[in-house]
Protein chains: 2
Amino acid sequence: MTAHSHTDQPALTKNQSLVYDALTDAKAPLSAYAILDGLREHGIRAPLQVYRALDKLLELGLVHRLESLNSFVACSNSECGARETMVFAICVKCNKVSELADDRLEAHLGALAAADHFTVHAATVELRGICGQCRSDA
Amino acid sequence: MTAHSHTDQPALTKNQSLVYDALTDAKAPLSAYAILDGLREHGIRAPLQVYRALDKLLELGLVHRLESLNSFVACSNSECGARETMVFAICVKCNKVSELADDRLEAHLGALAAADHFTVHAATVELRGICGQCRSDA
DNA sequence: ATTGCATATGTTATGGTGTTACACAATAAA
DNA sequence: TTTATTGTGTAACACCATAACATATGCAAT
Ligand SMILES: [Zn+2]
Ligand SMILES: [Zn+2]
Ligand SMILES: [Zn+2]
Ligand SMILES: [Zn+2]
């Protein structure tokens, strides 16, 4: 598996920028169709225009897909490029997502899998719970 | 979050048994629609019949949903009832899934989240890679 | 037995998510 | 200019999941 660096990215195309900006402006994960709806006034009319932009942004490591939500977020952790496995903490109350890094998690999961003779290529780790802000408010 | 025991389950209904048996017989995760197709000869005709059975089986802890595949597997680990977080190792070559338990993983993820003032209620951990059998075959 | 309640079922229609196929445009080598 | 690569636009389709409504079944408590 290859870790990607966020430096020296090629300039994004128009559609890619529109989608990326939509995600960076959002305070919560967006589905592809939510992105589509938000960009209709900017000329985006079909799902494929969004999905193609997302594919590229995912490949560049600029956005991530949250499997448990069928949604996407902009990368928000500078350590992300140096790691293979990031953890997403999803608040069920306000829908905010924190992208967390952990030095030992990858080794931990790799060792667990190795005990079953399994070689890990990629990991999805998504936590559901309550964020600090929402816990304070409660 | 509540851990469930697999003992003393209520008897499954007809549809629940059909769906559960389909999953236990399968060698790989099944989508709801794949289950539906396999059960048409047994009188299952609509997606809801499958989804309702799956909801109950999920609640009983007899099956699990794999978020990254939009698919379902029968529980295959006896330690599952005693834990909140299980790990699914999905072979990208043969599609087999191993359900792994780890005593320390839950604490590990909890601590990582706590550093961000996040309280974990549930975790999704899905690994993609190559199983031992497929590695031997290669 | 009758009533009442909770759970399960059957069916239709609808909505949300993601891809295939094909045509065309822009960009960058060669 | 020719060629190859990448990006774009559109329509149609396939897959995943739920809403709404009607009916049936099992199991109390009277
Ligand atoms: Zn990231
Ligand atoms: Zn929150
Ligand atoms: Zn299990
Ligand atoms: Zn395999």
Side-chain angles (χ1 to χ4, degrees), chain A residues 4 8-23 26 28-73 90 95 124 126 128, chain B residues 4 8-23 26 28-73 90 92 95 97 124 126 128:
Chain A
H4 25 238
D8 255 359
Q9 297 292 350
L12 298 179
T13 67
K14 172 169 155 286
N15 287 1
Q16 289 160 15
S17 293
L18 285 170
V19 170
Y20 183 60
D21 290 347
L23 285 173
L30 296 178
S31 73
Y33 278 73
I35 295 170
L36 172 59
D37 286 340
L39 293 179
R40 286 197 194 279
E41 298 169 358
H42 293 76
I44 302 292
R45 305 182 190 190
L48 204 48
Q49 295 176 276
V50 174
Y51 281 108
R52 288 200 278 225
L54 285 171
D55 284 345
K56 190 64 175 180
L57 293 168
L58 287 166
E59 181 189 325
L60 294 172
L62 293 175
V63 313
H64 302 294
R65 175 184 171 82
L66 298 179
E67 302 288 351
S68 62
L69 297 179
N70 290 341
S71 294
F72 303 84
V73 290
I90 305 165
N95 298 315
T124 295
E126 299 177 14
R128 309 185 134 271
Chain B
H4 24 239
D8 255 359
Q9 298 290 349
L12 299 179
T13 66
K14 173 169 156 286
N15 287 2
Q16 289 160 16
S17 292
L18 285 170
V19 170
Y20 183 60
D21 290 348
L23 286 173
L30 296 178
S31 73
Y33 278 72
I35 295 169
L36 172 59
D37 286 339
L39 294 179
R40 286 196 194 278
E41 297 169 359
H42 297 276
I44 302 292
R45 304 181 191 193
L48 252 196
Q49 296 177 274
V50 175
Y51 281 107
R52 288 199 277 225
L54 285 171
D55 284 345
K56 190 65 176 180
L57 294 167
L58 288 166
E59 181 190 325
L60 294 172
L62 293 175
V63 312
H64 303 293
R65 175 184 170 81
L66 297 179
E67 301 290 349
S68 63
L69 297 178
N70 290 342
S71 295
F72 303 84
V73 289
I90 304 164
V92 297
N95 298 316
V97 174
T124 295
E126 299 177 14
R128 310 187 129 271

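All values below come from the heavy atoms of this structure, side chains included, with hydrogens, waters and symmetry mates left out. Per chain, numbering begins at 1; letters A, B, ... match sequence-line order.
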Could you state the NZ-C1' distance from B:Lys14 to C:dT7, rounded to the nearest angstrom?
16 Å

What heavy-atom pair brings A:Ala28 and A:Asn95 nearest, and what distance separates the two atoms?
CB-O, 3.6 Å

Round to a whole Å and report the spacing from CG of A:Leu69 to P of C:dG18.
11 Å

Distance in angstrom units between A:Asp37 CG and C:dT17 P, rounded:
10 Å

Review item, nucleotides 11-14 of chain D N/O atoms under 3.5 Å of protein N/O:
none

Considering all heavy atoms, the nearest B:Pro47-B:Tyr33 contact:
CG-OH, 3.3 Å

With B:Ile35 as reference, evaluate B:Ile44, B:Val19, B:Leu18 under the side chain to side chain contact (heavy atoms under 4.5 Å, CB included) test and give the passing residue.
B:Val19

Using whole Å, what does the distance between atom C1' of nucleotide D:dT8 and atom CG of A:Leu18 come to?
13 Å

Rounded to the nearest Å, what distance is computed from the CG atom of residue B:Asn70 to the P atom of nucleotide C:dT17?
11 Å

Short side-chain N/O contact to D:dT8 OP1/OP2 from A:Thr13, under 4.0 Å:
yes

By nearest nucleotide on DNA chain D, pick out whichever of B:Ser31 and A:Gly43 is the more 5' one.
A:Gly43

Please report the distance, rounded to the nearest Å, between OH in B:Tyr51 and P in C:dG16.
15 Å

Is a donor-acceptor pair below 3.5 Å formed from side chain A:Arg52 to base C:dG18, judging by atom type as modelled?
no

Short side-chain N/O contact to D:dT8 OP1/OP2 from A:Gln49, under 4.0 Å
no

Side-chain N or O of A:Asn15 closer than 4.0 Å to phosphate OP1/OP2 of D:dG7:
no

Do A:Asn70 and A:Arg65 pass the side-chain contact (heavy atoms from CB on, under 4.5 Å) test, and can you show the C-alpha distance, the side-chain angles, and the key distance before you say yes or no?
CA-CA 7 Å; A:Asn70 290 341; A:Arg65 175 184 171 82; 3.1 Å; yes

Just the rounded figure in Å: distance from P of D:dC16 to CD of A:Glu67.
14 Å

Can you tell whether the side chains of B:Arg128 and B:Glu126 come within less than 4.0 Å, N to carboxylate O?
no

To the nearest angstrom, how far is A:Asp55 atom CG from C:dT20 atom P?
11 Å

What's the shortest heavy-atom distance between B:Tyr20 and B:Val63, and which atoms?
CD1-CG1, 4.0 Å

Can you see which heavy atom on B:Glu67 is nearest to which on B:Thr124, and at what distance?
CG-CG2, 3.9 Å

